[in-house]
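Below: one structure, written as structure tokens.
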Number of protein chains: 2
Amino acid sequence: MTELSEDYQRNDVYAAMCPCRDMLDLLANKWSALAIGALEDGPQRTGELKRRLEGISTKVLSQTLKKLEDHGLLIRTIYPEVPARVEYELTQLGLGAAQPLKQLRSWVEHNVGTH
Amino acid sequence: MTELSEDYQRNDVYAAMCPCRDMLDLLANKWSALAIGALEDGPQRTGELKRRLEGISTKVLSQTLKKLEDHGLLIRTIYPEVPARVEYELTQLGLGAAQPLKQLRSWVEHNVGTH
DNA sequence: GACTGATGCTATCAAATAGATACTAAGTGC
DNA sequence: GCACTTAGTATCTATTTGATAGCATCAGTC
């Protein structure tokens, strides 16, 4: 086993200074979890996301999507139509993150109000 | 298939008014995800949790644990020793929630800094 | 018997974030 | 010119977070 193959073991979400804390903070968030889940269905534009993520404000939606883009989880594409069309699409990384988030949402839906 | 067996389908985290939104908001949170993960190792007292959840403040730890208790995810036990000993332990519900959260933490640790 | 130490919680203040709403930009159609 | 559409920013307030200090309890020490 080479040292390179063990690289991932250096990441520890319990360590305050570990860079993966940022990612956990980003993903362990209501709106991120919902946005990534919605985008699993394919690229979507802003208005559609706003409608699906019931209760989110314009500002928080913009901020959430920007943070996800900055972390490489999704790609933002502007189509120079009029009025402007903006689409968001998950990257491979985002598709990967979507899996555990889907399980979390699913667990919540199946276990609330049943105990 | 009876109606009762379909009950869980009424929960939809995308619906703003669904009670499961509260649970998603609680679990999709950095400190909740870390606290529940730590408690998977068994009951632990406050100081131990504070040490493991590097960077958390006393106040936020208290608040986080209280919210988790209020939602039935953990049980708080006070042992009348001196100085007082307080232990937190996951309930069955908490143990269930721990699974998807573990996968999320694991995904983060394996996918940060590798793209 | 006052003094220190340990533990867990709350009180207090500043800083950051969320949320609600209004406004801007750019071009189309009337 | 004027209204309409879409996506985003600006603005203001409310809520939450974070850092610290303080409190209560009582055992052990001198």
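Below, chains carry the letters A, B, ... as their sequence lines are ordered, and counting in each starts from 1.
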**Report entry** Distance, rounded to the nearest Å, where B/Ile78 contributes CD1 and D/dC26 contributes P
**Finding:** 14 Å
Query raised in the report: B/Arg51 has an atom CZ; how far is it from atom P of C/dA6, in whole Å?
Result: 12 Å
Query raised in the report: Between A/Arg76 and A/Val86, does a side-chain contact (heavy atoms from CB on, under 4.5 Å) hold up when you go through it step by step?
Result: CA-CA 7 Å; A/Arg76 177 174 176 272; A/Val86 178; 3.8 Å; yes
Report task. Using side chain to side chain contact (heavy atoms under 4.5 Å, CB included) as the criterion, point out the one residue from A/Ile75, A/Leu39, A/Leu73 that pairs with A/Leu68. Result -> A/Leu73
Requested in this report: Verify the contact: side-chain N or O of A/Arg45 to OP1 or OP2 of D/dT5, cut-off strictly under 4.0 Å; return yes or no.
Outcome: no
Query raised in the report: Once you round it to whole Å, what is the distance between C1' of C/dC9 and CD of B/Glu69?
Result: 13 Å
Report summary line: With sugar-phosphate taken as primed atoms, P, OP1 and OP2 and all else as base, the protein-contact string of nucleotides 14-24 of chain C at under 4.0 Å (heavy atoms; B, S, -) is ----BBB----
Requested in this report: Check whether any side-chain nitrogen or oxygen of B/Tyr88 sits under 4.0 Å from OP1 or OP2 of C/dG8, and answer yes or no.
Outcome: no
Report task. Could you check B/Leu24 against A/Leu34 for side-chain contact (heavy atoms from CB on, under 4.5 Å), going step by step and ending with a plain yes or no? Result -> CA-CA 10 Å; B/Leu24 181 67; A/Leu34 292 174; 3.8 Å; yes
Query raised in the report: Between C/dG29 atom P and A/Glu81 atom CD, what is the distance in whole Å?
Result: 13 Å
Report task. Take the protein atom CG of A/Asp25 and the nucleotide atom P of D/dT16, then report the distance between them rounded to whole Å. Result -> 17 Å
Query raised in the report: Which part of the nucleic acid does B/Thr46 contact within heavy-atom distance under 4.0 Å: base, sugar-phosphate only, or nothing?
Result: sugar-phosphate
Requested in this report: Measure from CZ on A/Arg85 to C1' on D/dT5 and round the result to the nearest Å.
Outcome: 14 Å
Just distance, no hydrogens or angles: give the donor-acceptor pairs under 3.5 Å from side chains in residues 77-85 of chain B, sequence neighbours left out.
from, atom 1, to, atom 2, distance (Å)
B/Glu81, OE1, B/Arg85, NE, 3.2
B/Glu81, OE2, B/Arg85, NE, 3.2
B/Glu81, OE2, B/Arg85, NH2, 3.0
B/Arg85, NH1, B/Glu87, OE2, 3.0

Query raised in the report: Over how many whole Å does the gap from A/Arg76 atom CZ to D/dA7 atom C1' extend?
Result: 8 Å
Query raised in the report: Is B/Lys30 paired with A/Asp22 through a side-chain N to carboxylate O contact shorter than 4.0 Å?
Result: no
Report task. Not counting sequence neighbours, which residues clear salt bridge (charged side-chain N to carboxylate O under 4.0 Å, His left out) with B/Lys102? List them please. Result -> B/Glu40
Query raised in the report: Any ion pair linking A/Arg21 and A/Asp25 (charged N to carboxylate O, less than 4.0 Å)?
Result: no
Query raised in the report: Taking CD from A/Gln44 and C1' from D/dA7, how many angstroms apart are they, rounded to a whole number?
Result: 16 Å
